[in-house]
Amino acid sequence: MSYAAYKMMHWPTGIDYCAAGFITHSPAEAAAFSSLPPTISGPEVDVDSSAARAPQRVGPTPNLVVVAANVLEVYAVRTDAVMGAQDGGTSSLAAVLDGISGARLELVCYYRLHGNIESMAVLSDGTENTRDSIALAFKDAKVACLEFDDSINGLRTSSMHCFEGPDWLHLKRGRESFAFGPVIKADPQGRCGAALFYGLQMIILKAAQSFVGEDEPTRMLSSAAVRIDSSYVIDLRHLEMNHIKDFTFVHGYIEPVLVILHEQEPTWAGRISSKNQTCMISAFSISMSLKQHPMIWSSAKLPHDAYQLLAVPPPISGILVICANSIHYHSQSTSCSLALNSFSSQPDGSPETLKTSFHVELDAAKATWLSHDIVMFSSKNGEILLLTVVYDGRSVQRLDLMKSKASILSSGATTLGSSFFFLGSHLADSLLVQFSFGVPTSVLPDLADESADIEGDPPFAKRLKRIPSDVLQDVNSVEELSFHSNSVPNSLDSAQISFVVRDALINVGPLKDFAYGLRTNSDPNAAGIAKQSNYELVCCSGHGKNGTLSALQQSIRPDLITEVELPSCTGIWTVYYKSSRGIITEDNEYHAYLIISLESRTMVLQTGDDLGEVTETVDYNVQASTIAAGNLFGRRRVIQVYAKGARVLDGSFMTQELNFTMHGSESSLTSEPLAAASASIADPYVLLKMVDGTVRLLVGDHSNCTISVNAPTVFASSSERISSCTLHHDRGPEPWLRKARTDAWLSTGIGEATDGNDGFSHDQSDIYCIICFESGKLEIFEVPSFKCVFSVEDFVSGSAILSDDLSHTKDAVIGVPDATTVSVKKEETNNIKIVELAMHRWSGQFSRPFLFGLLNDGTLLCYHAYCYDGSESNAQCAPSSPNGSSDIDNASDSRLRSLRFHRVSIDVSARDDISSFTRPRITIFNNVGGYEGLFLGGPRPTWVFVCRQRFRVHPQLCDGPIVAFTVLHNVNCCHGLIYVTSQGFLKICQLPSAYNYDNYWPVQKVPLHGTPHQVTYYAEQSLYSLIVSVPVVRPLTQVLSSMADQELGLHIESDFTVGDDLQKVYTVDEFEVRIMELEKPSGRWETRFTIPMQPFENALTVRIVTLQNTTTKENETLMAIGTAYVQGEDVAARGRVLLFSFSKTENSQNLVTEVYSKESKGAVSAVASLQGHLLIASGPKITLNKWTGSELTAVAFYDAPLHVVSLNIVKNFILFGDIHKSIYFLSWKEQGSQLSLLAKDFGSLESFATEFLIDGSTLSLVVSDSDKNLQIFYYAPKMVESWKGQKLLSRAEFHVGAHVSKLLRIQMLPTQGLVSEKTNRFALVFGTLDGGIGCIAPVDELTFRRLQSLQRKLVDAVPHVCGLNPRSFRHFKSNGKAHRPGPDNIIDFELLSHYEMLSLGEQLDIAQQIGTTRSQILSNFSDFLLSTSFL
């Protein structure tokens, strides 16, 4: 029996739902912030608002909430306001609209849930000072409400409602499957929400009433969020409804009014001529106290294709009914409608309706209100349409529709405040767009007098250029789209709206197929794990005009510029030197020297046009190895720290030298020199940690550029040894950590040295020293006074929230541990120490500092700082504390009282013991190829990019362990990097610029302007063949005549010559097979050859096959294409098999030549090569053919049930999946030349993808289905229950929660951890239609049992977001069909990943409860991660 593990490696990116709401701040907080006078409003006011310094017309901007399958993200919109004329250089980069030169989305919080979100609504009561909350609906009948909690800086579940289980079975009325999941909507005034479950059950969720007066004391607390109080059920059957299409709440009534769109008697396409007005709307007034719902008005005879209701905002109110061919406005008093094309129908005797001047179909459109009378539609083919409601007083006169620009195919649209909207998409990158009514002006005059300025964000400007080109296809420049219309909206003087795309969120879904091929910069000599980063996944993603080819890589392989051999290196640094203070800005200054520290000496190189060694001519201490080097005094001096002392250099000349001595032993003559172990530099201070665990501070003096040693007296008395320490330089126009203080107005920082050229740097800066003791305690001190401002007792344990211990003496009493803790646990805790600390705040106006701690077992703790002032509640009881002596009160005054840190999960897998005297591993970089973040060296080097205030973790496997890393910016290497491998090679590299790293994996997107369907890789010439279909518009007559048979065609011709029908057009997909290649030097994708298909011929499959030519007895590699003619249901299905050979010579005219083509009965849906024969699935028959060099001759056949979806082959075994009848397992016998059925799955299953899973000598069969499950079967003819081997037995089953469209078998890497290592082990990498990538991999029984018992513990030990149960989510979902449950033999790494985020004590407890150790569990995790690092 073999066991499997499931792990997601790339989470879903296709956005299903998006909504806007004031989640992290109320509208009043945002508005107050945006109207502050410029003097106070530095870029760092502590209200989470985006409207910093923007002119008043932009107004408060809400948060954006985005849902992708089971991932929930909350973003804040950050805008860059245009400053005065001095900033003219940057504002030319992007269009300026309403005084905003740029905007971007920044992540606030991010959750992966144990359940797919089916519907989302934002509960908002519309008042100024309450926040909104998010209501999510989950499969069957669950609702969870989330609100933002400042104290944890994240979302908290405020209520959960479940209508499932035995008590609520009557709601289902005996049905098992429902056409659509739950839908949830909210009342615009926030009085209630409504959720539709089980087709006809309406749940009313009543909001808690807030009786808050306007008096001051209560207003303090009123920034609470909307909460749900109680709920009750309305059975809509009693209201005589039977088919509900949509519902919504309308504006302008005293009580909530719910309008329901429903169909009285269903109709269908064949009955439309006689029965077409079947829909109606009914409005119900919801009285929640009486639980009554009288109908107040209704309107019948709406078209059968009505599908969506839009509530018109006040002052107009009323409702818009959106149909496929018309739009209708209804209110209690008036109604009017607008026909969109010639298919719209109106009831007899009704007044003539207005028609649009152009034809458009609105089915499946997404809508959002841009203003109170203009609604924007994003149609099914990606056009943006604007509908204006023309009104006079309260009565609507007419509706006007006008066309705008083309955009992406969207899955949702939402307006963010008064000047942004967001288009979420499942098929393309989602866009943040700024819009403005009226003429766009560049820099607005009312901003010219503002003297202060905000530093531009150069990395982001560069990143904007990388937004893929499929963002706005039909628009020539991304900068501006504006459009005119003939009608004049009543609220504006000119009907002109300008659009600017401001930001894009990357999406690689839906992944229909992928191929596993070599990268351009792959290394043919690599072996082991380094060999894995030679490969990349080339995926078919997107649809229609948004179709792209996405190249995804899991690990980074930098582009090599040059490498030299350099043995026994211990560290490298690059330093600046301002010789002539020229006019170079700080961001673009080149490095002057590269300092390389070897084991017993130091080399110095000049980084001019080329690297030249200047070791002999400089005054650096080259006889000892360097510990640290960096710049001091505003880059005017360089400091070099070595074990015995330090030198300050001006260029290549030394200006000062210091030697370190023992503290306090100056009087004795035998002054023992003391060696430094590590150093941290923050201009103008250097913090040294000595070998004996004490610290020294070197203090720099700006006036004469000298330094002096200072031993802090704070640590002289304490006996605790320091395990690691670092300096944090908190600088900017307003240092961030000052906001966390109580006496913030008293503190003044050191003024930065301003250089002549940049006179506008009014930067102030504070320097803090962060120290971690061997006991695990962390303290933050001010420098140079060494006053403790923040302390945490047990930093090592990695708890979820860190807050200052002294300020919160009340809360500390609870956490006293039992004295009866087991000694084993104590021992393991004592061995864990922090070996390295770092704290940094990256650029960006609203960024907050991150704190990193590296443990000696390789775990990286990562924390994000935030401010939370929880002191009002316990301020009254502070004096009465038992140790209420005055000195504690005084001490806590200047502390960082409201500073808190919350733990961020970061997937870094270096599990190795680090001794306390190793080289530092964390290197922070501010610009490598336009990105910022940190690099973690060591045995498994990892890049951590900081994009939108979130971590993007990408490993680098290609060079093995890395001992030293630094950035390099000079003439030949622009914003590049240098690293030294443990084999002793120094490599100078750049990040590959074609890739975007702001994604779970680095991705390069190549626009195809068509839908990609299938891709395959030809390894010999590194070519990719892919099927692409391009939508083409054809005249209807041409389409009809070519589809029908010849004699029918004549009648059609005669009918169609009447009237204006000749002008009708129809869109058809034209298929072709493109052969593409990734060019080596440029990294661009080029189409090498195109094979067009015939009209109405769809290419279904393309594969590279190896056939044995029976005449020459040689193997040939050919490309096989299977096609089908799609000509409607009246014509018998037929298809073709095409074989192409690749030309061997470089310069031949044709890259491929057709060697065989033959028609077959039935669609050719899959091809594969089996031991030199060609296996073809055409229609319901599978034939095996041998190849003579010019002909295919059939050798054997097998009749499949309906239609073969996929074929897989191992040796002489065949696995195929049927469209309805699950999977079949065949074998091919050469001697009798027959295909015989070994076994099949007797259940009915709509298979999506199939593949073999190989674990040593065990063969399993994996299939994914239309209900988002994966099943693993095995063939065991000796078992009784297999009916003498006819039946495949279930080995495991699992609910993935996404449609798995492709499974790919890749060999696993052997790891050191497992003794009984099977070499022949393969994992399956799968891609889903949501844009997720994961793997199913075999695990051995011991690991499986250990991790399965851990998984069962974690179900209860971890608080799950929204209260969802991971076990019920992963149960096989049969959607009402009969299914015998199979064994539970898959472990879920999505749940196991929570273990590393628990605190150390909880980790040890749980490990002990399941009878193992923490280190054993963590080494299992890292072994699994290593063996599945495929890319």
Side-chain angles (χ1 to χ4, degrees), residues 510-515 539-541 543-544 547 549 1008 1010-1018 1024-1032 1043 1068-1075 1090-1105 1118-1129 1131-1140 1152 1154 1156-1169 1174-1185 1192 1200-1209 1214-1220 1246-1251 1264 1266 1299 1301-1304 1327 1329:
L511 295 174
K512 301 191 188 70
D513 190 24
F514 48 72
C539 312
C540 297
S541 53
H543 183 83
L549 196 65
L1008 297 172
T1011 307
H1013 295 276
Q1014 213 174 47
V1015 62
T1016 187
Y1017 177 62
Y1018 177 52
Y1024 291 90
S1025 323
L1026 71 149
I1027 300 174
V1028 181
S1029 66
V1030 182
V1032 183
M1043 272 185 80
V1068 287
D1069 278 341
E1070 294 203 345
F1071 279 76
E1072 61 192 33
V1073 173
R1074 289 186 201 169
I1075 296 175
T1090 302
I1091 307 167
M1093 297 292 126
Q1094 295 173 0
F1096 298 101
E1097 184 183 27
N1098 289 13
L1100 297 183
T1101 180
V1102 57
R1103 287 290 175 246
I1104 302 291
V1105 291
L1118 303 173
M1119 176 171 72
I1121 302 175
T1123 71
Y1125 288 96
V1126 180
Q1127 293 179 309
E1129 56 190 18
V1131 185
R1134 54 200 177 91
R1136 281 198 304 165
V1137 178
L1138 305 168
L1139 290 179
F1140 289 83
V1152 292
E1154 184 178 314
Y1156 179 79
S1157 109
K1158 183 184 177 203
E1159 279 210 0
S1160 77
K1161 291 180 184 172
V1164 180
S1165 57
V1167 290
S1169 56
L1174 182 65
L1175 196 62
I1176 300 173
S1178 69
K1181 184 174 274 192
I1182 295 179
T1183 51
L1184 188 67
N1185 302 268
L1192 284 176
L1202 293 166
H1203 174 85
V1204 176
V1205 177
S1206 64
L1207 275 177
N1208 307 97
I1209 286 171
I1214 303 164
L1215 162 69
F1216 74 82
D1218 187 83
I1219 195 164
H1220 268 301
E1246 298 176 10
S1247 22
F1248 265 44
T1250 57
E1251 189 53 273
S1264 68
S1266 58
H1299 287 126
S1301 53
K1302 165 76 174 177
L1303 291 158
L1304 176 75
L1329 294 184

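- One finds the CD atom of Gln1014 at 7.5 Å from the SG atom of Cys540 (value rounded to the nearest 0.5 Å).
- Contact of the Asp1069 side chain with the Val1126 side chain is not registered, since no non-hydrogen atoms from C-beta on lie closer than 4.5 Å.
- The backbone N or O of Leu1202 lies less than 3.5 Å from a partner atom in the side chain of Asp1218, making a donor-acceptor pair.
- Among all heavy-atom pairs drawn from Val1105 and Ala1120, the shortest one is CG2-CB, 4.1 Å.
- Judged purely by atom type and a 3.5 angstrom limit, Ser1178 has no side-chain atom pairing as donor or acceptor with the backbone of Gly1162.
- The minimum heavy-atom distance linking Leu1192 with Tyr1156 is given by the pair CD1-CE2, 3.4 Å.
- In this structure, the salt bridge (Lys or Arg N to Asp or Glu O under 4.0 Å) partners of Glu1072, at least two apart in sequence or on a different chain, are Arg1074.
- Rounding to the nearest 0.5 angstrom, the gap separating the NE2 atom in His1299 from the CG atom in Leu511 is 14.0 Å.
- At a threshold of 4.5 Å between non-hydrogen side-chain atoms, the residues Val1164 and Leu1100 do not count as touching.
- Within the 4.5 Å cutoff, the side chain of Arg1134 has heavy atoms near those of the Gln1127 side chain.
- Residues forming a side-chain hydrogen bond (donor to acceptor under 3.5 Å, both in side chains) with Glu1070 (at least two apart in sequence, or on another chain): Arg1034.
- Between Ala1099 and Ile1121, the closest heavy-atom pair is CB-CG2, 4.4 Å.
- Side-chain atoms of Leu1139 and Leu1174, non-hydrogen and from C-beta on, do get closer than 4.5 Å to each other.
- For the atom pair CG (Leu1303) and CZ (Phe1248), the distance works out to 12.0 Å, reported to the nearest 0.5 Å.
- Taking 4.5 Å as the limit, every side-chain heavy atom of Pro1201 sits out of range of all side-chain heavy atoms of His1220.
- The side-chain heavy atoms of Gln1094 and Thr1123, taken from C-beta on, include no pair separated by under 4.5 Å.
- Lys1302 has its side chain out of reach of Glu1251: every pair of non-hydrogen atoms, C-beta onward, lies at least 4.5 Å apart.
- Ile1027 pairs with exactly one of Asn1098, Val1102, Asp513 by the side chain to side chain contact (heavy atoms under 4.5 Å, CB included) rule, that one being Val1102.
- Below 30°, between 30° and 60°, or above 60°: for Tyr1017 and Tyr1024 the angle between ring planes is between 30° and 60°, a tilted geometry.
- Pairing each heavy atom of Ser1206 with each of Ala1249, the nearest pair is OG-C, 4.2 Å.
- Taking the side chain as every heavy atom from C-beta outward, Leu549 and Leu1026 approach each other to under 4.5 Å.
- Not a single donor-acceptor pair under 3.5 Å links the side chain of Thr1016 to the backbone N or O of Ser1025.
- Here the straight-line distance linking atom CZ of Phe1216 with atom OG of Ser1247 works out to 9.5 Å at 0.5 Å rounding.
- Between the Ser1165 side chain and the Val1204 main chain, a donor and an acceptor come within less than 3.5 Å of each other.
- Residues passing the salt bridge (Lys or Arg N to Asp or Glu O under 4.0 Å) test with Glu1246: none are found, sequence neighbours excluded.
- Once rounded to the nearest 0.5 Å, the distance linking CG of Leu1138 with CE of Met1093 reads 5.5 Å.
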